[in-house]
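See structure below.
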Amino acid sequence: MSVRVRIAPSPTGNLHIGTARTAVFNYLFARHLDGKFILRIEDTDLERSRPEYTDNILNGLGWLGLNWDEGPFYQSQRMHLYQAAVQKLLDQGLAYRCYTTAEELDALREAQKARNEAPRYDNRHRNLTPEQIAAFESEGRSSVIRFQIDDDREIVWNDLVRGRMSWRGSDLGGDMVIARASADGIGQPLYNFVVVVDDIDMQITHVIRGEDHIANTAKQILLYEAMGAKTPEFAHTPLILNQEGRKLSKRDGVTSISDFQKMGFTAEGLVNYMTLLGWSAPDSTQEIFTLTEAAKEFSFERVNKAGAKFDWDKLDWINSQYIHNMPVDQLTDLLIPVWEEAGYSLTNGRERAWLEQLVSLIAASLTRLVDAVPMTRVFFTDGVELSEEGSQQLQQEGAKAVLQGIIATLENEPQLSADSAQAMIKQVVKEQKVKKGLVMRSLRAALTGDVHGPDLIQSWLLLNQIGLDKQRLNQVT
Ligand code: GLU
């Protein structure tokens, strides 16, 4: 049977980096084995699920290039399936109605706490007589549905990442609730149950998810057995950790894919970085690869058990590689919205051809797309702000005279070219008997306000094309 995997996010928040990384591993595994990658939206938690989170998840996965083959399937539209499956377990006697009230459960928990025992349901309603049931019903008690868990069972599976895993039935908290209470029959079915119904129905062969789901896996294996289905393979992927070695959380600042997008990471760079969060290629020196290239090499043998530390420097480096190697027109497409967002006006000569020249000028200096905002400010504003060094440069002996010399030559030069700009600089050096460095530094300070920046001649040409060079030279002389 061919491989079928799924990513099953809950739309209770934006697409989280941990979920996205799990999606990457699912995607790579499916593509490696020519299988199917399925998207299921687990929106059974009606209070916390929101359509805008679903949109964020779908957009985020799409943006990253994690294209799914089937779905999205919505659990909220599949309730009838879950209810039928609950009914079947009830009919088979593998599940039962439990009428224990919240107060009784609280008292049970308190008593266990007093005895220093772990909290668990004591299975008190597992074998109610018809008379007891009738009595509870006539009291008007509602019932949850519990699935029987055999305390003596040892649940064992061979995890594709973690090897042999075993769990004792007695450590699973007693018979588990699979559906909430409801006045009329079967209430809302719960996570561990619906996941299994869906994974069986969707013929999932490999469940690849974060290691925070390990305890759920033990319960779910019992449900597979009860429903007479073959258990899939499981692969529990390592958590993503912050610099302190704790699980990356909201407190670490950005955690959602849309945040990373806003911070100026490219989809290709971010997804490449995510493949390395817990996995390495057989040639571990290879760090730059597309999803297709990574898929060729991907296997769980090279997924680490240990948590994966999030490394901003590495993400930045990978991102810069993508930016530096991107064709100019593609990078321009990505930078236009960044400039627009910054409020820069892309008019008055700042049209596509000019923008592409600007992109060529700065591409090699960008790490994140948003770096283009401060880096190109002088190209989008009329005046320049002089930095301290810039202002000192303009006060150097001979600086003003040099700039006046440039202005004078510029008068006869309606259209500047790289050659004519170089010639002009040479001419001023010769006429005024000054060092070339003085001319270059003064020119840069006058044109950009600073003494550092991208290639001076190219910057000058760009400013010349939109008529800002003369204006700035006149301003400072
Ligand atoms: N909905 C679960 C989550 O967002 C995923 C469950 C699973 O992969 O089995 O964590």
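Counting starts at 1 for both ligands and their atoms, in listed order.
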Taking both backbone and side-chain atoms of Ala8, is any N or O found less than 3.5 Å from an N or O belonging to ligand 1? yes
Output field: ring centroids Phe300/Phe29 closer than 6.0 Å: yes
Against heavy atoms of Glu42, which atoms of ligand 1 measure under 4.0 Å? 1 (N), 2 (C), 5 (C), 6 (C)
At less than 4.0 angstrom from any non-hydrogen atom of Tyr191, what atoms of ligand 1 do you find? 6 (C), 7 (C), 9 (O)
Check whether any side-chain heavy atom of Leu358 lies under 4.5 Å from a side-chain heavy atom of Trp339, and answer yes or no. yes
Please determine whether a side-chain nitrogen of the Lys or Arg among Glu70 and Arg4 lies less than 4.0 Å from a carboxylate oxygen of the Asp or Glu. yes
Is the distance between the ring centroids of His125 and Tyr96 under 6.0 Å? no
Looking only at protein heavy atoms, which one is nearest to atom 10 (O) of ligand 1, and how far off is it? His213 NE2, 3.0 Å
Inspect the contact between Asp171 and Lys219 and indicate whether a charged nitrogen and a carboxylate oxygen are less than 4.0 angstrom apart. no
Please identify which atoms of ligand 1 are closer than 4.0 Å to at least one heavy atom of Arg6. 7 (C), 8 (O), 9 (O)
